[in-house]
Amino acid sequence: MQYTIPHYYSSFHCIGSACPDTCCAGWQIQIDSGSLKKYRHMPGPLGSRLQNEIDWKRQCFRRYEGRCAFLNEENLCDLYLEGGGRKAFCRTCRRYPRHMEEYEGLKELSLSLSCPPAAGLILGCREPVRFLHLEKPGRQKPDPDFDFLLFTKMTDARDLLFSFLQNRSQTLSLRLSAALALAHDLQQRIDRQALFAVDELLERYSASDFWSRFAGKISPQPGLRQETLERLFRLLFQMESLRPDWKPFVEEAFHTLKNAGSPSPKEDSEFQSVFSDLMTEQLMMYFVYTYFCGAVYHENAWGKMKFSFACVILIRELTRARWLACRAEGRPLDRIKVPGGGTLPEIAVKTAWRYAREIEHSDLNKERLEKLLDQETLYGIQALLTLA
């Protein structure tokens, strides 16, 4: 079995009660069948508590006011403390915030942006992300329906997308635009069932004069930019809310940005100190790595790119709204330490993990957002390019 991880993956460690939030509240914690069996036969006082605090029908821990029954007042897990550490965890608690996407003979591991320390690692990474590959013993049952040819083309395209996003000799706007254009053109080949033409497409996008040619095709459309951004925000109003403070946060941000209008070059420059181009790059790398190749199952490369791009833009603009509100009120921005050294504006990191908790950790929201973005008349290539 082959495995892939981002180079910062092993740097993660849980900070326990020092975390600004908790992964044991705000969502339902499902319990795998093996852990259920173990919990059902656990002896002693902890075993009795497990009998009462598990919803055996739904196979999850009970929650009180949104908090897991085993989360104590110090935001620590009683099951961990009384059950002998990590061995007492179910699979969900043992793995989080580690995330896995599975393909034929390959597992791609990542850290979930929804975890505050993981978000700090992702956003605070200054060097280009590298992906490490390793092989471990083990076999996966073959899937006769897996389209290995399409997957190969997807991974080739993703490698080129990575090189675009990390080409810091080009402006961020041009890099994002090129990534959108490549995914859009790739989808056209997929729709025509012309995978044989993908190699030629990738060669054209890899040509030595690509950047100069491509830059000449991009023309700013400020009016369409504001219209498209407002449409993106309205999509968030159609999502389910996992926490009661999320929708008011989004509504306030929407009105702040609408009243502010399109940012001036000066304002954009000042915003760089809060949400830099490097942070946008790292977020795009995170979302494209995590989701793009999943298109092999539904042949929707353009849909996966639109989802990834929309998530990054919404995180960035939600952060911009908080920054504008703080500036209007004359409030200084707090900075937080991030793993690996250095600090980042708290509003940027917090907005990222709050967004991820609401969208990435709701299958309903992920599917709904991707489906709504599928409306090409509203979220086509020209509209999205205005947000790059």
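Index from 1, following the sequence.
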* Asked: Under 3.5 Å, is there a donor-acceptor pair linking the side chains of Y289 and T4?
  -> no
May I ask you to test the T351-F275 pair for a side-chain heavy-atom distance under 4.5 Å?
no
Do L71 and T22 come within less than 4.5 Å of each other through their side chains, counting heavy atoms only? yes
With side chains defined as the heavy atoms from C-beta onward, is the minimum distance between R316 and T319 less than 4.5 Å? no
Requested in this report: Mind telling me whether F254 and F237 have parallel, tilted or perpendicular rings, with 30° and 60° as the class edges?
Outcome: perpendicular
Any donor-acceptor pair under 3.5 Å linking the side-chain atoms of D191 with those of Q187? yes
Checklist entry - Is M285 close to C125 at the side-chain level, that is, under 4.5 Å between some pair of heavy atoms? => result no
*Is there a donor-acceptor pair closer than 3.5 Å between any side-chain N or O of Y9 and the backbone N or O of L109?*
no
**Lys/Arg-Asp/Glu bridge criterion (N-O < 4.0 Å) met for E270, K266** = yes
### Electrostatic pair R175-D277, nearest N-O below 4.0 angstrom
no
For this session: Could you check whether the rings of F287 and F307 sit parallel, tilted or perpendicular, using 30° and 60° as the cut-offs?
Result: perpendicular
Would you please indicate if the ring centroids of W211 and F164 are separated by under 6.0 Å?
-> yes
For R243 and A25 the tightest heavy-atom approach is NH2-O, 3.0 Å
- Message: Between Y39 and C90 (side chain of the first, backbone of the second, donor and acceptor by atom type, cut-off under 3.5 Å), is there such a pair?
- Response: yes
**Request:** Count the heavy atoms belonging to other residues, nucleotides or ligands that lie under 6.0 Å from CZ of R335, then report whether that count exceeds 12.
**Result:** yes
(Q) Using a strict threshold of under 4.0 Å (side-chain N to carboxylate O), is an ion pair present between D32 and K38? (A) no
| Is any side-chain heavy atom of L232 closer than 4.5 Å to a side-chain heavy atom of L387? | yes
Ring-plane angle category for H361 and Y96, please: parallel below 30°, perpendicular beyond 60°, tilted otherwise. perpendicular
State plainly whether the residues E200 and R204 are in salt-bridge range, i.e. N to O under 4.0 Å.
-> yes
Separation between CG (L50) and CH2 (W56), nearest 0.5 Å, reads 7.0 Å
Do the side-chain N and O atoms of E360 and Y291 include a donor-acceptor pair separated by under 3.5 angstrom? yes
E135, CD: over 12 other non-hydrogen atoms inside 6.0 angstrom | yes
Would a distance-only check, ignoring hydrogens and angles, find a side-chain to backbone donor-acceptor pair under 3.5 Å from W246 to E240? no
* Counting distance only, does the side-chain N/O of N167 pair as donor-acceptor with the main-chain N or O of S163 below 3.5 Å? -> no
Residues pairing under salt bridge (Lys or Arg N to Asp or Glu O under 4.0 Å) where one sits in residues 375-388, two or more places apart or in two chains, turn out to be K306-E376
I'd like to know if R354 pairs up with D21 as an ion pair, taking the criterion as any Lys NZ or Arg NE/NH1/NH2 lying under 4.0 Å from an Asp or Glu carboxylate oxygen.
no
| query | Is there a donor in the side chain of E53 and an acceptor in the side chain of Y64, or the other way round, less than 3.5 Å apart? | reply | yes
To the nearest 0.5 Å, atom CD1 of I5 lies from atom CG of L134 at 6.0 Å
Practice problem: Return yes when atom CZ of F271 has more than 12 non-hydrogen atoms of other residues, nucleotides or ligands closer than 6.0 Å, and no otherwise. | Solution: yes
For the side chain of T92 and the backbone of Q30, is there at least one donor-acceptor N/O pair under 3.5 Å apart? yes
Trace of the side-chain contact (heavy atoms from CB on, under 4.5 Å) decision for E299 with Q193 = CA-CA 10 Å; E299 300 185 347; Q193 297 185 334; 5.8 Å; no
In terms of side-chain geometry, is the basic nitrogen of R231 or E227 positioned less than 4.0 Å from the acidic oxygen of its partner? yes
Check the angle between the aromatic planes of F148 and F146 and answer parallel, tilted or perpendicular using the 30° and 60° thresholds. tilted
Heavy-atom count check: over 12 atoms from other residues, nucleotides or ligands less than 6.0 Å from R192 CZ? yes
- Query: Will you find, in the side chains of Q28 and D55, an N or O donor that is under 3.5 Å from an N or O acceptor?
  - Reply: no
